[in-house]
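Right, one structure below, let's go through it.
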Amino acid sequence: QVQLVESGGGLVQPGGSLRLSCAASGFTFNMYPMSWYRQAPGKERELVAAITSEGFKRNYGESVQGRFTISRDNAKKMVYLQMNSLKPEDTAVYYCKRVGRYNNPEAWGQGTLVTVSS
């Protein structure tokens, strides 16, 4: 019943920008912190950004600080990741994640591929 559906990935040139979206359903969205992770070929999955349930606090992985911005719209049950100044090393599958809390497990979307290449 819980669903997280990412969109917005694609091919972009180095230095370009892209905005990812995550549509959530099947749970009380405004009660959960949300996050974005990514996984590149041959590398471990890593935290990109996280945001509190009401969007008051944000946290970022060191490799994307100053370039990426996470946001959310609780009325629309959406989470966004604005990616600027993209680098080839940002190439990865990007995943939307809901934390586990109360008696509910964490949940993951299927991912959207971002390729940064000229």
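Side chains included, hydrogens not; waters and symmetry mates left out as well; all remaining heavy atoms used.
When the side chains of ILVMFWY residues are joined at heavy-atom separations under 4.5 Å, either directly or via intervening members, Tyr32 and Val48 end up in a single hydrophobic cluster. Trp108 and Val5 fall into different hydrophobic clusters, where Ile, Leu, Val, Met, Phe, Trp and Tyr are joined by side-chain heavy atoms under 4.5 Å apart, directly or via other members. Residue Leu20 is not grouped with residue Leu47 when hydrophobic side chains (ILVMFWY) are merged at heavy-atom distances under 4.5 angstrom, including chains of intermediate members. Under the 4.5 Å side-chain heavy-atom criterion for ILVMFWY residues, no single connected hydrophobic cluster contains both Phe27 and Met78. The hydrophobic clustering, which links ILVMFWY residues whose side-chain heavy atoms are closer than 4.5 Å, places Val2 and Ile51 together.
Residue Ser118 comes nearest to Pro14 through the heavy atom pair N-CD, 3.7 Å, listed as atom of the first residue, atom of the second, then distance. In this structure, Ala24 and Leu4 approach most closely via the heavy-atom pair CB-CD2, 3.7 Å.
The number of heavy atoms from other shown groups lying within 6.0 Å of CD (Glu62) does not exceed 12. More than 12 heavy atoms of other residues, nucleotides or ligands sit less than 6.0 Å from atom CD of Gln39. Counting non-hydrogen atoms of other residues, nucleotides and ligands closer than 6.0 Å to CD of Gln13 gives a total of 12 or fewer. With a 6.0 Å radius and a threshold of 12 heavy atoms from other residues, nucleotides or ligands, Gln3 has its CD atom at or below the threshold.
Checked by atom type and distance alone, the side chain of Arg72 pairs as donor or acceptor with a backbone atom of Ser53 at under 3.5 Å. Judged by distance alone, with hydrogens and angles left aside, the side-chain atoms of Tyr95 form no donor-acceptor pair with the main-chain N or O of Glu6 at under 3.5 Å.
Below 30°, between 30° and 60°, or above 60°: for Phe68 and Tyr94 the angle between ring planes is between 30° and 60°, a tilted geometry.
Two residues are said to be in side-chain contact when any heavy atoms from C-beta on lie closer than 4.5 Å; Thr112 and Ser7 fail this criterion. For the pair Lys97 and Cys22, the minimum side-chain heavy-atom distance is 4.5 Å or more. With contacts defined as side-chain heavy-atom distances shorter than 4.5 Å, the pair Arg38/Val114 does not qualify. Between Glu89 and Ser63, every side-chain heavy-atom pair lies at or beyond the 4.5 Å cut-off. Side-chain contact check for Thr91 versus Ser117: every heavy-atom pair is 4.5 Å or farther apart.
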Next item on the list: For side chain to side chain contact (heavy atoms under 4.5 Å, CB included), just list the numbers for Asn74 and Glu54, CA-CA rounded to whole Å, side-chain angles, deciding distance to a tenth of an Å, and then say yes or no.
Entry: CA-CA 8 Å; Asn74 284 348; Glu54 295 299 327; 3.6 Å; yes

Check: Should Trp36 and Ile70 be marked as a side chain to side chain contact (heavy atoms under 4.5 Å, CB included) after you check the CA-CA gap, both sets of side-chain angles, and the distance that decides it?
Finding: CA-CA 8 Å; Trp36 288 94; Ile70 187 172; 3.6 Å; yes

Item checked: Arg98 and Met34: CA distance, side-chain angles, deciding distance, side chain to side chain contact (heavy atoms under 4.5 Å, CB included) verdict -> CA-CA 5 Å; Arg98 185 198 77 178; Met34 300 293 294; 3.9 Å; yes

Next item on the list: Apply side chain to side chain contact (heavy atoms under 4.5 Å, CB included) to the pair Val12 and Met83, showing each step before the final yes or no.
Entry: CA-CA 11 Å; Val12 63; Met83 305 183 293; over 6 Å; no

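The side chain to side chain donor-acceptor pair (under 3.5 Å) test applied to Arg101 returns no partner, not counting sequence neighbours.
For the side-chain hydrogen bond (donor to acceptor under 3.5 Å, both in side chains) condition, the pairs that include at least one residue of residues 77-87, sequence neighbours left out, are Ser17-Asn84, Gln82-Asn84.
With values rounded to the nearest 0.5 angstrom, Tyr60 atom OH is found 8.0 Å from Leu81 atom CG.
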